[in-house]
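What follows is a single structure, written as structure tokens, with notes after it.
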Amino acid sequence: MAQYIVKRLILLVFVVIGVLVVTFGLARAIPGDPCTSMLGEKATPEKCEAFKQRFGLNDSTPVQFVRYVTNIARGDFGQSIRDSRDVTDIIAERLPLTIELTITASFISAISGVLLGIVSSVRHNGPVDVVAMIFANVGVSMPIFWLGLLLAYLFAITLGGTSFQLPPSARISPGADLPNLLKLWHMEDATGASRFFTELLSNSYLLNAAMQGKWDVFWDVIKHLILPSVAVATVSVSIIARMTRGAMLDVFTQDYIRVARAKGLGERLVVMKHAFRNALVPIVTVVGLQFGGLLSGAVLTETTFSLAGMGTKLVESIEARDYPVVQGIVIVVSLLLVFVNLLVDLSYAYLNPRIRVQ
Amino acid sequence: MATTTALPVSTVRAPVLRGGTTQSPFRRTMHRLLRHRSAQIGIALMAMLLFIAIFADVLAPYAFDEQLRTPGTKPRLEPCVHLLGCEADKPQFVMGLDSNRRDVLSRILFGSRLSLSIGFITTGVAVLFGTVLGAIAGYVSGWSDTAIMRTMDIFQAFPSLLLAIAIVSVLGSGLVNTLIAVAIVDIPTYARIARASVLGVKELEYVNASKALGASPMRILFTRLLPNSLTPLIVAGTLGIGTTILSAAGLSFLGLGAQPPLSEWGLMLGAERASVFSAPHLMVFAGVAIMFTVLAFNLLGDGLRDALDPRRKA
Amino acid sequence: MTSKNRLFGPVAFAAVSSMVLAACAPAAPPPAPTAAPAPTAAPAPTAAPAPTKAPDPTKAPEPTKAPAPTQAPAFKGDKMAVPACKDTGEMKSIEAVDALTVKFSLCQPDPSFPYKVTGNSFGILQKDDLAKTGGDAKKINENPVGTGPFKMKEWKRGDSINLDANTAWWGGANQNKGLVIRWTKEASQALIELRSGNADGIEKVASEDFDAIKKDSKIKLVPVEALNILYVGLNNTKAPFDNEKVRQAFAMVIDRKKIVDDYYPAGSQVAQSFVPDSFKPGFSPNVKWYDVDLKAAKALLDEAKFDYTKEVPLSYREVVRVYLPSPGKVAQEIQAQMKAIGVKIKLEPKESGTFLKSASSGNETMVLLGWGADYPDATNFYDTHVGPTVKTFGKPFDDIVAQLKIGDTNSDFAKRQAAYDKTNELIKQHVPLIPVAHGVSAQAFGAGVTGAHANPLTPNEYSKMKGAKDNFVYVQSGEPISLDCADESDGETFNACGQIFETLMGFKPGTIELAPALATEYAGNPDATEWTFKLRPNVKFHNGATMDANDVVLSFVRQWDAANPYHKGDTGDFQYFNDYFGDFLNAKK
């Protein structure tokens with residue numbers, strides 16, 4: 001196992017460097033003079049000179065690349081052009097929502113996907129199975145931005161006024177009292193990593209509310225998360241349900257299940273203990289691999305629900321040609337995905353010893 | 001619980017046995033495909049889509065960019081179907097009009113052309129490049145294998161939509177650039193499939209036999225190795241068309257893809273987003289159209305996978 | 001002196017307002033000469049210590065600090081002056097005459113000066129706090145110290161700005177405990193927020209939703225006066241618009257009524273001339289724009305040997321403004337209309353910043369663009385578009401520029417009106433642009449909100465509104481960029497900082513009628529080159545300090561003087577100051 005981890009880590013370093021090279025290359029591939037395309041209408045010859053000086057654009061490409069990587073390693077993603085704030089600050093504000101959304105969606109899709117898969121495999125070809133599989137096929141075919149709009153319409157307008165009403169936008173009800181932890185802990189002057197992580201924590205409204213013990217606010221935040229996470233999760237629910245069903249059906253044909261049944265074990269025990277356990281390996285992999293898709297989904301869904309996450313910021317920054325922010329977001333989200341994929345690989349290897357040898 | 005226990009292994013193998021004795025592999029596959037329930041629905045949907053796309057000119061009552069100023073029309077006119085009880089003195093528009101007084105039905109019908117071409121072209125390009133890269137990696141091995149596959153790893157490290165957005169932001173918005181971006185993002189999937197299947201048969205006897213007979217590497221690659229990867233590529237490609245259409249619609253929805261006045265469905269949704277609560281008909285039809293198109297490819301892909309792989313039965 | 005001043009204020013007020021916008025007297029009396037600037041007791045600019053040695057002409061003028069006026073020994077008034085008007089824009093001096101009097105001297109007449117200082121970019125900051133923050137927008141964002149009805153509680157980035165009521169506000173009791181400003185780009189989402197009771201008011205109502213809201217008893221629509229123009233700009237240095245006949249032909253094809261009927265909310269007007277009809281002087285009731293005449297247009301195009309095979313690029317930005325509620329849709333409409341006579345239009349949506357820059361440097365052939373008034377004077381429309389330095393429509397037309405000069409430097413209503421009438425005729429003849437529409441907009445509020453109003457030019461006064469809950473919740477269309485509005489230029493940012501910082505002058509709620517704010521009265525000299533503002537006494541800043549004239553002087557000087565240590569802001573552009581008053585002092589060239 002240790003050898004496998006080492007091998008995997010070497011690969012990881014390689015991929016990380018690759019991600020940096022690609023984003024660096026993309027940023028350089030922007031047509032036109034980097035200064036005018038970066039500063040846009042604000043570009044004047046003297047500003048351009050200062051800009052080139054600051055970003056060292058007069059140096060050779062390898063020198064520029066090394067500096068760019070060193071800066072990122074130091075947590076310096078440069079400054080936003082639109083509002084001249086540090087990109088790191090922007091990420092600290094925007095990342096928590098996207099992660100909250102992706103994780104809630106992961107839970108929803110894992111739990112309901114697996115349950116749906118098991119039920120339809122047990123009721124194979126029965127009406128439940130047919131309905132579940134129709135749902136799975138439709139769910140995977142739906143544009144999620146459209147689904148988001150439909151959900152918003154349904155739960156905010158059609159069910160408006162009932163107890164099922166859910167908010168169609170924003171992260172938290174207006175006026176909800178959830179102070180920033182920097183203020184609460186008197187850390188306004190903090191800089192660097194401590195500021196970054198406190199901001200991160202503070203902007204994860206779920207964690208923030210939980211830490212301050214404000215459970216009404218916590219519930220409010222959850223309510224705001226429901227619709228977008230359901231929208232994000234739908235595609236994954238469908239994929240996981242189909243995968244689970246397939247894996248379970250495979251297991252059901254194995255001899256040891258027949259033996260278990262022949263022994264007269266209860267059906268519930270057979271399904272849950274014998275069959276599901278063994279179907280778990282492919283299921284875990286598929287659940288883990290959904291993370292990338294969920295992240296992509298979060299980008300679209302944030303736009304539909306006007307949520308202040310990485311996705312909305314990305315689109316906003318592309319429209320404003322705010323390339324440092326675009327670059328920062330792409331790098332952070334991709335590295336996050338690389339890291340999650342590593343965890344998936346490792347847990348897969350842990351669950352399935354054969355893979356380590358290959 | 002009787003249903004589960006009544007799943008004998010024999011039924012799974014049954015089609016193989018039945019088909020294997022009398023039919024050619026192609027006919028056998030077709031036979032299985034036509035008997036596959038979801039494939040049947042997929043094929044029906046697909047036939048309908050193709051029919052609509054080919055005969056959009058004839059079927060659509062108006063041009064996709066024609067603004068209607070006849071009496072009784074107004075922007076965002078609700079759907080009106082006489083058969084369904086809409087008063088006869090009102091002009092009939094099955095799906096209503098959009099903000100620019102264009103017939104939504106006609107736009108949806110013409111949109112099928114765009115979506116299908118987006119799906120086929122993009123996936124075609126991605127499969128082509130992916131296969132070539134994957135086959136080279138698998139066949140040549142060594143240094144070029146590492147180089148190609150690690151590059152693919154890197155591209156797959158990005159969340160797909162994010163990478164597509166990043167590429168579009170460099171290339172600039174527009175339909176063609178969107179196609180390029182989505183195709184680039186899809187290449188690694190096909191490269192992996194092609195490489196895996198080439199690797200799987202590279203050392204088999206029939207390949208070695210060709211080698212011994214002095215066939216050129218190119219010949220071996222194209223006549224002996226690649227045909228073997230055809231099956232998984234067809235399946236992945238069919239499923240991939242659906243995903244591609246979704247991604248392209250997503251980019252258009254965000255305003256980065258197709259540009260007006262094109263009747264791309266994602267763009268139609270994005271452009272009329274503000275009307276979602278005041279004129280819901282502008283949101284419903286384009287979304288349903290995307291859904292059915294993607295569904296058609298998914299069902300067909302599922303069916304193909306099952307039909308081409310006798311061991312699978314889901 | 002005080003009594004004289006008290007009398008003088010309203011007189012000058014009436015004079016200027018009628019001169020600039022009043023609907024009544026065409027020949028308003030020029031500002032009463034008897035009411036010459038009262039604070040002459042203070043050392044006049046001429047009395048400023050003149051440098052004894054000959055000034056070095058190559059060096060930037062050295063700002064001089066005047067000694068405090070003698071009559072108020074406790075108060076030491078600041079002053080910044082450029083006596084020779086060298087290397088500066090319109091500003092000549094800014095001076096704290098006494099603790100509650102500020103005088104601005106200008107290098108050229110500017111009858112719209114009192115209107116200009118209503119802009120939120122000219123909010124008053126506290127001098128000690130400026131020293132603390134160094135004029136850095138990032139620090140000002142954290143704890144902005146103004147005089148306004150609300151003070152900072154917390155800026156939840158990406159989500160909301162939360163403000164608390166300022167109990168020490170001079171303007172009376174605040175109706176709310178706090179104000180929450182939120183934002184969403186989607187008008188439809190803002191509307192749901194309002195419908196579901198999460199918001200008390202929303203800034204932007206999609207034109208699609210006007211009818212639905214009118215039918216909804218839980219919501220009310222508050223219309224905003226149309227002080228804007230949408231135009232199609234034609235660049236006379238680019239083919240095919242280098243031919244006047246082609247420009248005239250295009251003007252005869254575009255059916256402006258269809259555009260207004262289909263894409264604008266009810267109440268919007270088809271533009272007859274470049275300025276809205278409430279602009280007097282400026283609007284010319286006797287100049288009528290071309291009627292739609294496809295035959296005549298076709299004849300003109302044939303005469304000009306127009307090449308029908310070439311596509312004409314129409315560029316625009318996907319930014320919703322009151323003057324253009326649905327950019328892409330209107331662009332497609334124009335495309336379809338031009339197609340009717342066989343002219344092919346190619347749509348080129350561009351990113352907002354790139355587009356504006358490219359258009360203003362004359363690189364776009366045909367643009368769909370508009371203008372919303374900053375202040376209600378004709379100069380704010382004509383000079384910014386058909387003036388001598390504007391390149392958007394190619395080469396400026398000399399005859400138009402000559403008329404504008406008459407209009408700008410005259411304070412006589414009839415002469416100004418005559419000049420603008422001539423201008424409008426010339427615009428119709430040369431067609432640098434096709435005026436299309438004056439769009440009306442509306443904000444929406446919950447039916448139960450009291451005091452609801454919508455200001456056309458400045459932020460609403462939420463302290464005078466009351467919703468269902470303790471906090472008033474307002475949803476606007478974007479997140480503010482910073483709270484140092486001196487260096488910002490967008491309405492969303494102004495709406496937030498307009499609650500925290502106040503300006504010398506304001507408008508009566510819901511109107512374009514000037515009203516006192518931090519200044520209780522103001523006066524101008526006859527040729528409109530000197531403007532004196534009397535400040536409201538006992539105004540407290542959020543940090544407890546009392547406002548005096550030096551706060552005002554510093555708030556302006558930090559923008560004017562590029563060498564001022566607080567001339568920092570967000571990006572350091574100070575765009576509005578630059579636009580209104582021209583060059584900065586000590587600007588790096």
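By convention in this document, chain letters (A, B, ...) are assigned in the order of the sequence lines, proteins followed by strands, and residues within each chain are numbered from 1. What's counted below: heavy atoms across the whole structure, side chains too, no hydrogens, waters or symmetry copies.
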So which heavy atom on C/Tyr316 is nearest to which on B/Pro260, and how close?
-> OH-CG, 3.8 Å
Would you indicate whether [X], at its atom [atom1], is surrounded by more than 12 heavy atoms from other residues, nucleotides or ligands within a distance under 6.0 Å?
| X | atom1 | answer |
| --- | --- | --- |
| C/Lys218 | NZ | no |
| B/Phe64 | CZ | yes |
| C/Tyr290 | OH | yes |

C/Asp262 and B/Gln67: side-chain contact (heavy atoms from CB on, under 4.5 Å), yes or no, with the steps?
-> CA-CA 11 Å; C/Asp262 278 3; B/Gln67 303 189 321; over 6 Å; no
Nearest-0.5 Å distance that lies between atom [atom1] in [X] and atom [atom2] in [Y]:
| X | Y | atom1 | atom2 | value |
| --- | --- | --- | --- | --- |
| B/Gln259 | C/Glu348 | CD | CD | 10.5 Å |
| C/Gln332 | B/Asp98 | CD | CG | 8.0 Å |
| B/Arg76 | C/Asp211 | CZ | CG | 8.5 Å |
| C/Lys339 | B/Asp65 | NZ | CG | 4.0 Å |

For C/Leu191, is it the side chain, the backbone, both, or neither that has a heavy atom closer than 4.5 Å to a heavy atom of chain B?
-> neither
Between B/Glu66, B/Arg69, B/Arg101, which shows the greatest number of heavy-atom pairs under 4.5 Å with chain C?
-> B/Arg69
Taking NZ, NE, NH1 and NH2 as the nitrogens, is one of them in B/Glu272 or C/Lys329 under 4.0 Å from a carboxylate oxygen of the other?
-> yes
